Protein chains: 2
Amino acid sequence: MQFATGCMGNKLVAKCNQSPMRNEEPRSFCPINMAVEVLGDTWTLLILRDMMFAGKRHFRDLLQCEERIASNILADRLRLLTLEKVITKSEDPTHKQKAIYSLTEKGIQLLPVLVQIRIWGAHHMGKIDAVSPAVKAFNRKLERGGPELWAQMMAELRATHLGR
Amino acid sequence: MQFATGCMGNKLVAKCNQSPMRNEEPRSFCPINMAVEVLGDTWTLLILRDMMFAGKRHFRDLLQCEERIASNILADRLRLLTLEKVITKSEDPTHKQKAIYSLTEKGIQLLPVLVQIRIWGAHHMGKIDAVSPAVKAFNRKLERGGPELWAQMMAELRATHLGR
DNA sequence: AGAACTGGTTGCAATTTGCAACCGGTTGCA
DNA sequence: TGCAACCGGTTGCAAATTGCAACCAGTTCT
């Protein structure tokens, strides 16, 4: 029990609203499939988006996402991402009850995936007038930037999430 | 009714085992979210994987994927992907009952997304000994290849799927 | 002291998934 | 010609997952 903040008798209970404990065999060992088994749902990538692009690292912040994720789903996804070592959870020194979620190196290396998804989405799904000029400009930058830009962004994430 | 092959009185019935007709508003207009609303489930990306990397274009072929997708789910996802214009469906001239699924330009431009997912999966989820040397070699090639390689692969897909 | 904020949990209804059986038409082969 | 195998699915049902809204016990702010 490394982080026994908060409520509820800490009885290792974990039944409600939770995806399987991820003990099961993967459906196959294809790398794409293994990745999809972690990322392939409606919320996980949005959580990572908010951590990467919006700098959100607290439960309450992540809960405020534009798409209105439910708190039980968020809790479950954070648990799974932690289990998969895409993120880690630690205490916030400034507030006994606050948890800080950080990207691991594994998580940071998802940035190119997110970037490509964003480029594709902006290109093919984007309602032009529904996005602010600033966002549009950043999309263009991402498209032009290429691997070097991603590397730079990943370096920044390493600085803030891994303290390097 | 453009393609009335097969069975069932064509009564436009569509109730069982189907995701919503996708008439609903998106949860938000964020490009990543809009993309995730199309791609964010456990099967869609695997179908696209098989179309892109394994050249599968028939229902029966796609049904044979390693992960054993159920036929009703496959039918539903193909319907959604068609609705989203990621793929198209057409008749096979050699066989009245065969449908050919083709990637659209929108679908082909998902290749970089799939490639990044594959790279990440191979890097971070891969059981080293569970993958053939040929696949491993191709993974390395993808990693080194960069945007130029993707462009080349996309050109090949255009040739076979769009007949250009 | 009380209000507001912290990271969640709980129960329940509604939706989605997965399974297995099945369907009617088409095609290849003997 | 006849029949088996193949074609793209559909159907009904049980099980799992999602979404909602209320709630909780500590902690911090005022």
Side-chain angles (χ1 to χ4, degrees), chain A residues 2-22 24 27 37 40-44 46-47 56-65 67-80 82 87 89-101, chain B residues 2-22 24 27 37 40-44 46-47 56-65 67-80 82 87 89-101:
Chain A
Q2 3 69 314
F3 188 65
T5 206
C7 48
M8 238 32 231
N10 303 321
K11 294 186 307 176
L12 244 301
V13 280
K15 286 181 215 58
C16 175
N17 259 124
Q18 299 200 342
S19 308
M21 260 289 272
R22 192 138 296 306
E24 301 128 21
R27 297 178 295 186
E37 287 196 36
D41 79 285
T42 13
W43 291 110
T44 302
L46 296 185
I47 294 169
K56 297 185 183 175
R57 303 183 66 178
H58 296 289
F59 191 91
R60 232 62 179 196
D61 293 337
L62 290 163
L63 204 53
Q64 297 293 340
C65 77
E67 294 84 8
R68 314 284 18 231
I69 188 172
S71 60
N72 53 343
I73 307 288
L74 176 58
D76 182 54
R77 293 308 182 277
L78 289 172
R79 184 182 62 86
L80 286 174
T82 306
I87 62 176
K89 180 179 173 180
S90 56
E91 296 185 44
D92 187 329
T94 72
H95 189 305
K96 274 184 194 166
Q97 221 173 3
K98 264 184 177 167
I100 298 190
Y101 291 97
Chain B
Q2 8 63 314
F3 188 65
T5 208
C7 46
M8 240 29 232
N10 302 321
K11 293 186 308 177
L12 244 304
V13 279
K15 288 182 214 54
C16 176
N17 258 128
Q18 300 199 341
S19 309
M21 260 289 273
R22 195 142 292 310
E24 302 128 21
R27 297 177 295 185
E37 288 196 36
D41 78 286
T42 13
W43 292 111
T44 302
L46 296 185
I47 295 169
K56 297 186 184 174
R57 303 184 65 179
H58 296 290
F59 190 92
R60 230 64 178 195
D61 294 336
L62 291 163
L63 204 53
Q64 297 293 341
C65 78
E67 294 84 7
R68 316 284 17 236
I69 187 173
S71 60
N72 53 345
I73 307 288
L74 176 58
D76 183 53
R77 293 306 182 276
L78 289 172
R79 184 182 62 85
L80 286 173
T82 305
I87 62 177
K89 180 179 175 180
S90 55
E91 295 186 45
D92 187 330
T94 73
H95 190 307
K96 275 185 193 165
Q97 223 172 2
K98 264 183 177 167
I100 298 188
Y101 291 96

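All chains are named by letter (A, B, ...) in the order of the sequence lines, taking the proteins before the strands, and each is independently numbered beginning at 1. Owing to the predicted nature of the structure, the values given are computational and were not obtained by experimental measurement.
Looking at the side chain of A:S71, the nearest of the listed nucleotides C:dT9, D:dG19, D:dG9 is C:dT9. Distance from the side chain of A:K96 is smallest for D:dT28 among the nucleotides D:dT28, C:dG11, D:dT10.
The nearest whole Å value for the distance from the CG atom in B:L78 to the P atom in D:dC7 is 15 Å. Rounding to whole angstrom units, CG of residue B:L74 and C1' of D:dC7 are separated by 13 Å. In this entry the distance linking CD of A:E67 with C1' of D:dT18 reads 16 Å, nearest Å. The distance between atom CD1 of A:I47 and atom P of D:dT18, rounded to the nearest whole Å, is 11 Å. Here D:dG9 presents its C1' atom at 13 Å from CZ of B:R79, a figure rounded to the nearest Å. The separation between A:N72 atom CG and D:dC24 atom C1' is 15 Å, rounded to whole Å. Between B:I69 atom CD1 and C:dT17 atom P there is a gap of 10 Å when expressed in whole angstrom units. What separates CG of A:D76 from P of D:dG19 is a distance of 11 Å, to the nearest Å.
Applying the side chain to side chain donor-acceptor pair (under 3.5 Å) test to A:T44 and every residue at least two apart in sequence or in another chain returns A:D41. Checked against salt bridge (Lys or Arg N to Asp or Glu O under 4.0 Å), A:R27 has the following partners two or more places apart in sequence or in another chain: A:E37. Every residue was checked against the side chain to side chain donor-acceptor pair (under 3.5 Å) condition with A:Q64, not counting sequence neighbours, and none meets it. Annotation: side-chain contact (heavy atoms from CB on, under 4.5 Å) contacts of A:H58 (sequence neighbours excluded): A:D61, A:D92, A:K98, A:I100.
Remark on DNA chain D: of its neighbouring residues A:T94 and A:W43, the 5'-side contact belongs to A:W43, judged by nearest-heavy-atom nucleotide. Nearest-nucleotide mapping onto DNA chain C: of A:H58 and A:R27, the residue sitting toward the 5' end is A:H58. Comparing B:L63 and A:A70 by the nucleotide of DNA chain D that holds the closest heavy atom to each, the one mapping nearer the 5' end is B:L63.
Residues A:W43 and A:C65 come closest through the heavy atom pair CZ3-SG, 4.4 Å.
For the atom pair CG of A:L62 and CG of A:L74, the computed distance is 5.5 Å after rounding to the nearest 0.5 Å.
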Polar pairs (N or O, both sides) under 3.5 Å between protein and nucleotides 2-6 of chain D?
none

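Residue A:T42 places no side-chain atom within donor-acceptor reach of the base of D:dT18, judged by atom type and a 3.5 Å distance cut-off alone.
Partner of A:D76 under the side-chain contact (heavy atoms from CB on, under 4.5 Å) criterion, chosen from A:L78, A:L80, A:N72: A:L80.
Judged by Watson-Crick or G-U wobble contacts below 3.5 Å, the nucleotide C:dA30 has D:dT1 as its partner.
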